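Owing to the predicted nature of the structure, the values given are computational and were not obtained by experimental measurement.
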Amino acid sequence: MNGRIVKALSGFYYVEAADGIHECRARGIFRKQGQTPLVGDLVEFSLSGKRGTVEAIGPRRNRFVRPAVSNVDLLVLLAAACNPVTDPFLLDRVLAIAAARDVPCLICVNKCDIDPGDELAGIYERAGFDVLRTSAVTGRGVEDLRQHISGKTAVFTGNSGVGKSSLLNALAPDFGVPTAEVSEKLGRGRHTTRHVELYRIAPDTYLGDTPGFSSFDLEQMDAIGKEDLQYAFPDFAPFLGSCRFQDCAHLREPDCAVTAALARGEIEPTRYRSYERLYEQAKEYKQWEIKQP
């Protein structure tokens, strides 16, 4: 039988097929081959009584390490300018990974009923990203978001407590995804989502809820090689190839077109600082750590 993994939990894979969702285990051969089934995978599975076995994993268009998901059409990054305030570096790291995977992104500045997040939204609007201001409380931006995700497998990600589950509930109230209050003392939310799960809200539309992350989780995310990092910043694209040196790292080299654009105000300073920080990290990666889509 053919189906799609919509949830992975404690070694079980929940495969949605034409006749419903089946609880499956994966064949041991996957472990020997260094493969792990992911939420979003299109699979072949067999049934024996009430339980099934994942027999084969179909080709993946893309995949992510964190969140652990594949075949994503749109990555929706949730951010907020209020408790918890989103560090732009968290967004920039995920945006770079998505760009390296050729996955389009949409940024939702959420909780805009509390703080409109104009400064945060402006950074990414000026950098050329699609940005929505949303609120699960007032419903602002929810219908616009629904149009963006229609017909796609859209995965929500963002730092803990930023409102992923609440916004998902606003889009699909029938699912009742658990939510939790943000800690005022710590300024971060509790991880109400413990696993990646896809919810089908229309025949051709899936929403993915993922565990929140913080700056401490960044090391678990995909690595990008330092030579490829410049291409993961689409706002650098107009200036690439115009530097004096072909192998310019866009840091302290003379006649660098990227740093010149930064000085002219054509590149957002926070974006460039994220690039510098990611480049320093990328220099430490070994080639085997750079995972391919």
Output for pair (C24 SG, E55 CD), nearest 0.5 Å, gives 9.0 Å

| query | Between V76 and V155, is a side chain to side chain contact (heavy atoms under 4.5 Å, CB included) present by the stated rule, with each step listed? | reply | CA-CA 6 Å; V76 181; V155 173; over 6 Å; no

Could you check if a side-chain atom of R133 sits within less than 4.5 angstrom of a side-chain atom of D118, using non-hydrogen atoms only? yes

| said: I'd like to know if the side chain of E280 reaches the main chain of E276, judged simply by a donor and an acceptor atom lying under 3.5 Å from each other, with no hydrogens or angles considered. | reply: no

CG of D130 to CG of D144, rounded to nearest 0.5 Å, is 11.5 Å

### Query
Hey, are T153 and R200 close enough side-chain-wise for a donor-acceptor pair under 3.5 Å?
no

- [ ] Could you please spell out the steps behind the side chain to side chain contact (heavy atoms under 4.5 Å, CB included) verdict for N2 and F45?
- [x] CA-CA 6 Å; N2 296 313; F45 69 103; 5.9 Å; no

Under 3.5 Å: donor-acceptor pair, side chain of S150, backbone of R146: no

Is any side-chain heavy atom of N159 closer than 4.5 Å to a side-chain heavy atom of P84?
yes

Is the shortest distance from a Lys or Arg side-chain nitrogen in R244 or D255 to a carboxylate oxygen in the other one below 4.0 Å?
yes

**Prompt:** If two hydrophobic side chains count as joined below 4.5 Å and joins carry through other members, does V137 share a cluster with V109?
**Reply:** no

Nearest heavy-atom contact between L75 and A98 is CD2-CB, 3.9 Å

Closest non-hydrogen contact found for A96 with L278 is CB-CD1, 4.4 Å

Considering only distance and modelled atom types, tabulate donor-acceptor pairs under 3.5 Å from the side chains of residues 201-208, sequence neighbours left out.
| from | atom 1 | to | atom 2 | distance (Å) |
| --- | --- | --- | --- | --- |
| T205 | OG1 | G151 | N | 2.8 |
| Y206 | OH | E16 | OE1 | 2.3 |

When rounded to the nearest 0.5 Å, the distance separating CG of N110 from CZ of R140 is 11.0 Å

Worksheet item: Honestly, is R277 close enough over F89, meaning NZ or CZ under 6.0 Å from the six-membered ring centre and within 45° of the axis?
Response: yes

Heavy-atom donor-acceptor pair, E197 side chain to H195 backbone, under 3.5 Å: no

Would you find a donor on one side and an acceptor on the other, under 3.5 Å apart, between the side chain of T86 and the backbone of A80?
yes

Heavy-atom closest pair (V39 atom, V196 atom, distance to 0.1 Å) is CG2-O, 3.6 Å

Heavy atoms of K164 and T210 approach each other most closely as CE-O, 3.1 Å

Salt bridge D73-R61, side-chain N to carboxylate O under 4.0 Å: yes

Output for pair (L167 CG, N169 CG), nearest 0.5 Å, gives 9.0 Å

Exercise. Decide if atom CZ of F12 counts as having more than 12 heavy atoms of other residues, nucleotides or ligands within a radius under 6.0 Å.
Key: yes

Audit row: L74, V103, side chain to side chain contact (heavy atoms under 4.5 Å, CB included) steps and yes/no:
CA-CA 6 Å; L74 179 69; V103 176; 5.9 Å; no

Legend entry - Flag side-chain contact, heavy atom, 4.5 Å: L77 against F156: no

Heavy-atom side-chain contact between L198 and K7 under 4.5 Å: no

(Q) Within the 4.5 Å heavy-atom criterion, are L145 and V142 side-chain neighbours or not? (A) no

Inset, instruction - Apply the test ring pair (Phe, Tyr, Trp, His ring centres under 6.0 Å) to residues Y14 and H22: give CA-CA distance (whole Å), side-chain angles for both, the deciding distance (0.1 Å), then the verdict. - result: CA-CA 5 Å; Y14 296 83; H22 302 275; over 10 Å; no

Checking D113 side chain against T138 main chain: does a donor-acceptor pair fall under 3.5 Å?
-> no

Could you go through the side chain to side chain contact (heavy atoms under 4.5 Å, CB included) check for L168 and L171 one step at a time?
CA-CA 5 Å; L168 194 151; L171 289 162; 5.5 Å; no

So CG of L251 and SG of C256: to nearest 0.5 Å the spacing works out to 8.0 Å

- prompt: So, the side chain of N71 versus the backbone of G40: is there a donor-acceptor pair under 3.5 Å, distance only?
  reply: yes

Can you confirm whether V6 sits close enough to I21 that some side-chain heavy atom of one is under 4.5 Å from a side-chain heavy atom of the other? yes

On a heavy-atom basis, the closest approach of Y279 and A249 is OH-CB, 3.4 Å

Does a sphere of radius 6.0 Å around CZ in R264 hold more than 12 heavy atoms from other residues, nucleotides or ligands, not counting ones at 6.0 Å or beyond? yes

The reported gap from NZ in K283 to NZ in K226 (rounded to nearest 0.5 angstrom) is 8.5 Å

Q. In terms of ring plane angle, is the pair Y275 and H250 parallel, tilted or perpendicular, where the classes change at 30° and 60°?
A. tilted

Of all heavy-atom pairs linking L132 and G141, the shortest is CD1-O, 4.3 Å

Think R25 forms a cation-pi with Y13, using NZ or CZ under 6.0 Å from the six-ring centre and within 45 degrees of its axis? no

request  = Verify whether one side chain among Y124 and D235 offers a donor that lies under 3.5 Å from an acceptor in the other.
outcome  = no

D41 (side chain) donor-acceptor with L38 (main chain) under 3.5 angstrom: yes

Could you check whether Q35 and R27, counting side-chain N and O atoms only, form a donor-acceptor pair closer than 3.5 Å? no

Verify the cluster assignment for L47 and L42: are they in a single hydrophobic cluster under the rule of side-chain heavy atoms below 4.5 Å apart? no

(Q) Would you say I114 ends up clustered with L78 if hydrophobic residues are merged whenever their side chains have heavy atoms under 4.5 Å apart, either directly or through other cluster members? (A) no

Point to revise | K111 (side chain) donor-acceptor with N83 (main chain) under 3.5 angstrom | key: yes

Do I107 and L95 have side-chain heavy atoms sitting under 4.5 Å apart? yes

Point to revise | Side-chain heavy atoms of Y272 within contact of F233, under 4.5 Å | key: no

